[in-house]
**Q** 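One structure is given below, represented as structure tokens, and several questions about it will come after.
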Amino acid sequence: MVDEVERRVLETYADGTVRRAAYAGDLVVRVTNTDTGKSYDADASGSAVVEYRPDRSQYWAVLGPVLVGVAENGGTLQRGLYIVDGVYTLDIAPTGYKTVSLAHGSTDDLCARID
């Protein structure tokens with residue numbers, strides 16, 4: 001697979017921990033159903049600026065495809081693994097709850113692709 005994602009720190013807190021960082025680069029991840037062996041190579045080569053908050057929450061401003069996993073009752077998307085593509089934000093609460101807000105884009109349910 002391909003992992004050429006680079007991170008650029010844009011801002012730090014007074015203690016030196018990262019407050020905001022930009023991520024970009026090629027990322028292709030193979031997702032495999034271990035029961036059937038069926039797999040899919042997911043392109044997650046989007047770019048994002050991520051704000052890391054003191055309460056351990058995160059706010060992502062994203063352009064392009066990113067891989068997003070959602071637990072049962074863990075977000076605005078149903079439980080699963082998705083490629084979310086387009087222009088959108090991802091707000092991750094301290095509890096891990098994920099709110100995806102699409103300005104323009106789509107979601108691709110990778111679990112459905114490898115059933």
**Q** Apply side-chain contact (heavy atoms from CB on, under 4.5 Å) to residues Trp60 and Thr89 and explain how you reach the verdict.
**A** CA-CA 5 Å; Trp60 297 39; Thr89 61; over 6 Å; no
**Q** Is the backbone of Ile114 close enough, under 3.5 Å, to the side chain of Asn33 for a donor and an acceptor to pair up by distance?
**A**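 Side chain of Asn33 to backbone of Ile114, a donor-acceptor pair under 3.5 Å: yes, one is there.
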**Q** A side-chain contact here means heavy atoms from C-beta on lying under 4.5 Å apart; do Leu77 and Val84 qualify?
**A**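 The answer is yes, as the side chains (C-beta and beyond) meet within the 4.5 Å cut-off.
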**Q** Please report the closest heavy-atom contact between Tyr13 and Arg53, naming both atoms and the distance.
**A**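 Of all heavy-atom pairs spanning Tyr13 and Arg53, the closest is OH-CA, 3.5 Å.
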**Q** Please name the pair of heavy atoms, one in Ala42 and one in Leu110, separated by the smallest distance, quoted to 0.1 Å.
**A**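 So the minimum-distance heavy-atom pair works out to CB-CD1, 3.8 Å.
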**Q** Shortest non-hydrogen contact from Met1 to Val29?
**A**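 Smallest heavy-atom distance, with atoms named: SD-C, 4.1 Å.
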**Q** What's the spacing between Glu51 CD and Asp91 CG if we round to 0.5 Å?
**A**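 If we round to the nearest 0.5 Å, Glu51:CD and Asp91:CG are 9.0 Å apart.
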**Q** Would you confirm whether Ser45, through its side chain, and Leu27, through its main-chain N or O, come within 3.5 Å as a donor-acceptor pair?
**A**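 Checked: pair present.
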**Q** Do Thr12 and Arg19 have side chains that get closer than 4.5 Å, going by heavy atoms?
**A**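 The answer is no; the side chains never approach within 4.5 Å.
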**Q** Show the nearest heavy-atom pair for residues Ala93 and Ser57, with the distance to one decimal.
**A**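 Heavy atoms of Ala93 and Ser57 come nearest at C-CB, 3.9 Å.
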**Q** Going hydrophobic residue to hydrophobic residue with side-chain gaps under 4.5 angstrom, can you get from Val87 over to Tyr59?
**A**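 Cluster IDs for Val87 and Tyr59 differ.
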**Q** Relative to the ring of Tyr23, is the ring of Tyr52 parallel (under 30°), tilted (30 to 60°) or perpendicular (over 60°)?
**A**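 Answer is perpendicular, since the angle exceeds 60°.
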**Q** Quick one: pull up CG in Asp26 and CG in Asp43 and give me the separation to the nearest 0.5 Å.
**A**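 Asp26 CG to Asp43 CG: 7.5 Å, rounded to 0.5 Å.
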**Q** Say whether, by atom type as modelled, one donor and one acceptor occur between the side chain of Thr36 and the main chain of Lys38 under 3.5 angstrom.
**A**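 Between the backbone of Lys38 and the side chain of Thr36 there is a qualifying donor-acceptor contact (under 3.5 Å).
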**Q** Just list the side-chain donor-acceptor pairs under 3.5 Å for residues 100-108, sequence neighbours left out, or say none.
**A**
{"unit_1": "Asp108", "atom_1": "OD1", "unit_2": "Arg113", "atom_2": "NE", "d": "3.1"}
{"unit_1": "Asp108", "atom_1": "OD2", "unit_2": "Arg113", "atom_2": "NE", "d": "2.8"}
{"unit_1": "Asp108", "atom_1": "OD2", "unit_2": "Arg113", "atom_2": "NH2", "d": "3.1"}

**Q** If we only count heavy atoms from C-beta on, is the Lys98 to Ile92 side-chain gap below 4.5 Å?
**A**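 In contact.
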**Q** Are the side chains of Leu67 and Leu81 in touch, meaning some heavy atoms are under 4.5 Å apart?
**A**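 Answer yes - side chains close enough.
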**Q** Using 0.5 Å steps for rounding, measure from the CD atom of Gln78 to the CG atom of Asp109.
**A**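 The distance works out to 8.5 Å.
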**Q** Do Tyr82 and Val66 make a side-chain contact, defined as non-hydrogen atoms from C-beta onward lying under 4.5 Å apart?
**A**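 They are not in contact (no side-chain heavy atoms under 4.5 Å apart), so the answer is no.
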**Q** How close do Val49 and Arg20 get, heavy atom to heavy atom, and via which atoms?
**A**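 For Val49 versus Arg20, the nearest heavy atoms are CG1-NH1, 4.0 Å.
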**Q** Same cluster or not: Val62 versus Val9, using hydrophobic residues (I, L, V, M, F, W, Y) connected whenever any side-chain heavy atoms lie under 4.5 Å apart?
**A**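 As far as the 4.5 Å side-chain criterion goes, Val9 and Val62 are connected within one cluster.
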**Q** At their closest point, which heavy atom of Tyr88 faces which heavy atom of Pro65, and how far apart are they?
**A**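 Shortest heavy-atom separation between Tyr88 and Pro65 comes out as OH-C, 4.3 Å.
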**Q** As an exercise, state the distance from CG of Asp15 to OG1 of Thr17, rounded to the nearest 0.5 Å.
**A**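 One finds 3.5 Å between CG of Asp15 and OG1 of Thr17.
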**Q** Is the number of heavy atoms from other residues, nucleotides or ligands within 6.0 Å of CD (Glu11) greater than 12?
**A**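 Yes.
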**Q** Can you tell if the side chain of Val70 reaches within under 4.5 Å of the side chain of Arg79, non-hydrogen atoms only?
**A**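 Answer no - side chains too far apart.
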